[in-house]
Engineer: 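Before anything else, here's the structure in question.
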Protein chains: 4
Amino acid sequence: MARRVDPARHEARRLQIIGAGLTVLAARGYEGATTAAICREAGIGSGTFFHYFATKTELVLAILELGTAETVEKAAALEGRTDPLGVLLDLVGSWADDAADPRIPGFVRAVAGVMHLPAVADALAADDRAQRDLLLPWIERGQADGDVRADLPPARIASWLVLLSGGFLERVATDPGFTVVGERDLLVATARAFLVGPGNAGGATAGRRR
Amino acid sequence: MARRVDPARHEARRLQIIGAGLTVLAARGYEGATTAAICREAGIGSGTFFHYFATKTELVLAILELGTAETVEKAAALEGRTDPLGVLLDLVGSWADDAADPRIPGFVRAVAGVMHLPAVADALAADDRAQRDLLLPWIERGQADGDVRADLPPARIASWLVLLSGGFLERVATDPGFTVVGERDLLVATARAFLVGPGNAGGATAGRRR
Amino acid sequence: MARRVDPARHEARRLQIIGAGLTVLAARGYEGATTAAICREAGIGSGTFFHYFATKTELVLAILELGTAETVEKAAALEGRTDPLGVLLDLVGSWADDAADPRIPGFVRAVAGVMHLPAVADALAADDRAQRDLLLPWIERGQADGDVRADLPPARIASWLVLLSGGFLERVATDPGFTVVGERDLLVATARAFLVGPGNAGGATAGRRR
Amino acid sequence: MARRVDPARHEARRLQIIGAGLTVLAARGYEGATTAAICREAGIGSGTFFHYFATKTELVLAILELGTAETVEKAAALEGRTDPLGVLLDLVGSWADDAADPRIPGFVRAVAGVMHLPAVADALAADDRAQRDLLLPWIERGQADGDVRADLPPARIASWLVLLSGGFLERVATDPGFTVVGERDLLVATARAFLVGPGNAGGATAGRRR
DNA sequence: GATGAATGAGGTTTCATTCAT
DNA sequence: CATGAATGAAACCTCATTCAT
């Protein structure tokens, strides 16, 4: 009798709006991304938009949370790996690959522009923490194995890996001559050099250090 | 009767507004930085603001141009130096120091959020080019001297130094535990390792190369 | 297969919605009483609401018509009474008692706020007319009997009785210290004084009039 | 040098908007009185409206406060009077006269419709209190003089005088046949009868009764 | 030059109402 | 019959910008 609530349809619609939001936010920034433009891109009426997201800001948060969730999911896929250094470099590489979707860097920038909104700042902090939580255990295992430099605390190393990925993302967004495919290997190599640390040139050599 | 235009006074007022704009933009982002808020911070009326800048966007451009000008000025101060690697690391270090003014990272983020405005994109591109133009001759000289890796073209190396600085700036803005004073040395060391390249561990070794 | 329409069930549902509407309208006023809020209160879906009432305004009209109908029903219950003054005072008292349902004054106010809608104005006029039609014959009989002052035309007296009841209702709604139980007797006494008129203290004296 | 701020001009504009608001609110109720309609009536742009009132509700509050202020001013004009009963009846009469501006009853109704807004409820309570504070000392003096009934506490008498005025106002708004000029005398007479109380027919007469 | 009152385009959001299921 | 997702008109309000003083 009652209309069957179809959660799958609901979720699909939600994702459709999120996709449109990602596109428009990346292209026009937060203030340029009017709800009208997002609705047009998503092919929905303005009322429908607010059926799914109470606020324009909430759409941004939803996109961020999706990203955070993906980060968490990555953790599961790494179960069973025994090569900490390889895992860490794979993670750095996968973040570089994320930048291949041209919308990602644009979105990141748009979000940076509204970080003064507390809710956005919180979501970004959560995302940051998820990334670092993903890295930390592997850094610790790498240090225990002697593959990762031990002159820096794990948390600091994690920050620097995120720094490299963030700088890479920004560069891709800024410089048309700086492409993911062209620079990805150098990113991984640079990350490897950083992880191995000074005095361990190449990293693969017999761990003679200093 | 005709008031003599005092250019010094005019320029002082302009800088006063620029300072207020920097503060407010950093704190609230582009859209949060209303002209009213900037005027309040600067202690002027709204009419006065538009005497000095035809548009809110023009204020942003003026701030960016000031930064670009500072970059250009740095070039002059380096005249006569003969240690390319040292110069490059000093530049990276000076960019790190810039991040010590807490308004800088906030402003950079605010501007990133409106990069979709063509005028802003152009100004950022000009700033980027100024930074790279500053780096390029020293990279080339470093390569000629054998102090800088030669397996990458100079332009690419320049991009990566900017990448490191950009990632550093972003990290400082994001993570309260990541401070300029605490991480500056590691930035310089990492830049050195990158510049020296793989296979030249430490970089301080007697320049055996090629 | 065809579901037999059950008029009793239909009417029950209708009354349920009317009750919810009365509650929500009284608490939040006309514009604050969204159809969504009324549906939530009634425990129905928004689609169901519009099965029973084509318009939010129509719900208001239905509530008003219910009140008018009750007024008309009161007339029947008075059949056979022979004491016009007593009847009139009973009516005034019963209106005071209506104010004991705390939703009534709130609803009256909410409706007053949308009297500019012609349909509402018409319904209120009908309600007003019903009240006066109820009073008029008893006023006339009271005048004929000499119990009610004859220096005013019946219609005017009716207006004043309604005025007293209306003022009473408003007062109850406004002033928490003004309660139905505390003030009801004084209302009736004041109505009696008014009905008897000046110079006829007590009202029972030999009616010299005309 | 600086533009002279002209408070008189500011206040004039403010009153102009208040007048327009009174007109439109009376005619269309709160929700029908769109800010656009008020601006059109006032002959100003929408931006100007919000220059003077931060909110549509604040305009309503300003109108109410103006009314409250007028009530307070009335108190001063009564200084020196020595006939409490006369003062009280003058006050009742003056409230009746207020209803002669056809916008007043309409406005009162519009406000009643949004009493669920706490700010409006507070303002109405303040207005109510101002009216009663105006009445109270004269009621007390009237009781001391023996001109006013002493069987009811002064506060209760005040409530009833307000009740009569409120009912009168509502009646004028509702019933086209109920006019201020036609009914004003009867209002004063009814108020007198109420103030004098039962058993004091006519009030000043030698009062032989039953 | 300096001011701030005035402007109005345009943005976000609400909500009564429709209709496919 | 009942539902609630979808709709879009329209409301309130913000804010960059103009201009008379």
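So that the names make sense, note that chain A is the first sequence line, chain B the second, and so on, each numbered from 1.
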Engineer: Does E:dA6 have OP1 or OP2 sitting under 4.0 Å from an N or O in the side chain of D:Arg13?
Structural biologist: yes

Engineer: Rounded to whole Å, please give me the gap between CD1 in D:Ile38 and P in F:dC12.
Structural biologist: 8 Å

Engineer: Can you work out whether A:Gly43 or B:Gly32 has the more 5'-proximal nearest nucleotide on DNA chain F?
Structural biologist: A:Gly43

Engineer: What do the steps show when you test B:Thr57 against B:Val114 for side chain to side chain contact (heavy atoms under 4.5 Å, CB included), and what is the final call?
Structural biologist: CA-CA 9 Å; B:Thr57 302; B:Val114 287; over 6 Å; no

Engineer: With a 4.0 Å limit, can you tell me whether D:Tyr52 has a side-chain N or O closer than that to the phosphate oxygens OP1/OP2 of E:dA6?
Structural biologist: yes

Engineer: Return yes if the base of F:dA9 and the side-chain atoms of A:Ser46 contain a donor-acceptor N/O pair under 3.5 Å, otherwise no.
Structural biologist: yes

Engineer: Rounded off to whole Å, could you give me the NZ-to-P distance for the C:Lys56 and E:dT18 pair?
Structural biologist: 15 Å

Engineer: Nearest-nucleotide wise, let me know which of D:Gly45 and A:Ala36 is further upstream toward the 5' end of DNA chain E.
Structural biologist: D:Gly45

Engineer: Atom CZ of A:Arg14 to atom C1' of F:dA5: distance rounded to whole Å?
Structural biologist: 16 Å

Engineer: Let's see if you can work this out: which of F:dA6, F:dC12, F:dC1 has an atom nearest to the side-chain heavy atoms of C:His10?
Structural biologist: F:dC1

Engineer: Check the phosphate of E:dA6 against D:His51, side-chain N and O only, distance under 4.0 Å to OP1 or OP2. Yes or no?
Structural biologist: no

Engineer: Round to a whole Å and report the spacing from CZ of B:Arg9 to C1' of E:dA2.
Structural biologist: 12 Å

Engineer: Pair D:Thr174, C:Leu124 - check side chain to side chain contact (heavy atoms under 4.5 Å, CB included), show working.
Structural biologist: CA-CA 9 Å; D:Thr174 306; C:Leu124 279 173; 5.8 Å; no

Engineer: Please report the distance, rounded to the nearest Å, between CZ in C:Phe49 and C1' in E:dT18.
Structural biologist: 14 Å

Engineer: Both atom distances under 3.5 Å, Watson-Crick or G-U wobble: I'd like the secondary structure of DNA chain F as a dot-bracket string, with | for pairs made across strands.
Structural biologist: .||||||||||||||||||||

Engineer: Any donor-acceptor pair under 3.5 Å linking the side chain of D:Thr68 with the backbone of D:Leu64?
Structural biologist: yes

Engineer: Validate the cation-pi geometry between A:Lys56 and A:Tyr30: distance from NZ or CZ to the six-membered ring centre under 6.0 Å, angle to the ring axis within 45°.
Structural biologist: yes

Engineer: Quick check: any donor-acceptor pair below 3.5 Å linking the side-chain of A:Thr34 to the base of E:dG11?
Structural biologist: no

Engineer: Please figure out whether B:Gly47 or D:Thr57 has its closest DNA chain F nucleotide nearer the 5' end.
Structural biologist: D:Thr57

Engineer: Could you give me the CA-CA distance, side-chain angles and deciding distance for C:Phe50 and C:Thr35, then say whether side chain to side chain contact (heavy atoms under 4.5 Å, CB included) is met?
Structural biologist: CA-CA 9 Å; C:Phe50 289 94; C:Thr35 55; 4.1 Å; yes

Engineer: Taking the side chain from A:Thr34 and the backbone from A:Ala37, do they hold a donor-acceptor pair closer than 3.5 Å?
Structural biologist: yes

Engineer: Roughly, in whole Å, what's the span from CZ in C:Phe50 to C1' in F:dT7?
Structural biologist: 13 Å

Engineer: Atom CZ of B:Phe53 to atom P of E:dG1: distance rounded to whole Å?
Structural biologist: 13 Å

Engineer: Report the C-alpha separation of D:Arg13 and D:Ile44 in whole Å, then their side-chain angles, then the decisive distance to 0.1 Å, and conclude whether the side chain to side chain contact (heavy atoms under 4.5 Å, CB included) test is met.
Structural biologist: CA-CA 10 Å; D:Arg13 193 74 122 162; D:Ile44 59 172; 3.8 Å; yes

Engineer: Phosphate oxygens OP1/OP2 of F:dT3: is one of them under 4.0 Å from a side-chain N or O of C:Thr48?
Structural biologist: yes

Engineer: Rounded to the nearest angstrom, tell me the gap between atom CD in B:Glu58 and atom C1' in F:dT17.
Structural biologist: 13 Å

Engineer: Side-chain N or O of A:Thr35 versus OP1/OP2 of E:dT12: is the shortest distance under 4.0 Å?
Structural biologist: yes

Engineer: Checking the side chain of B:Gln16 only, and the main-chain atoms of B:Ala42 only, is there a donor and an acceptor separated by less than 3.5 Å?
Structural biologist: yes

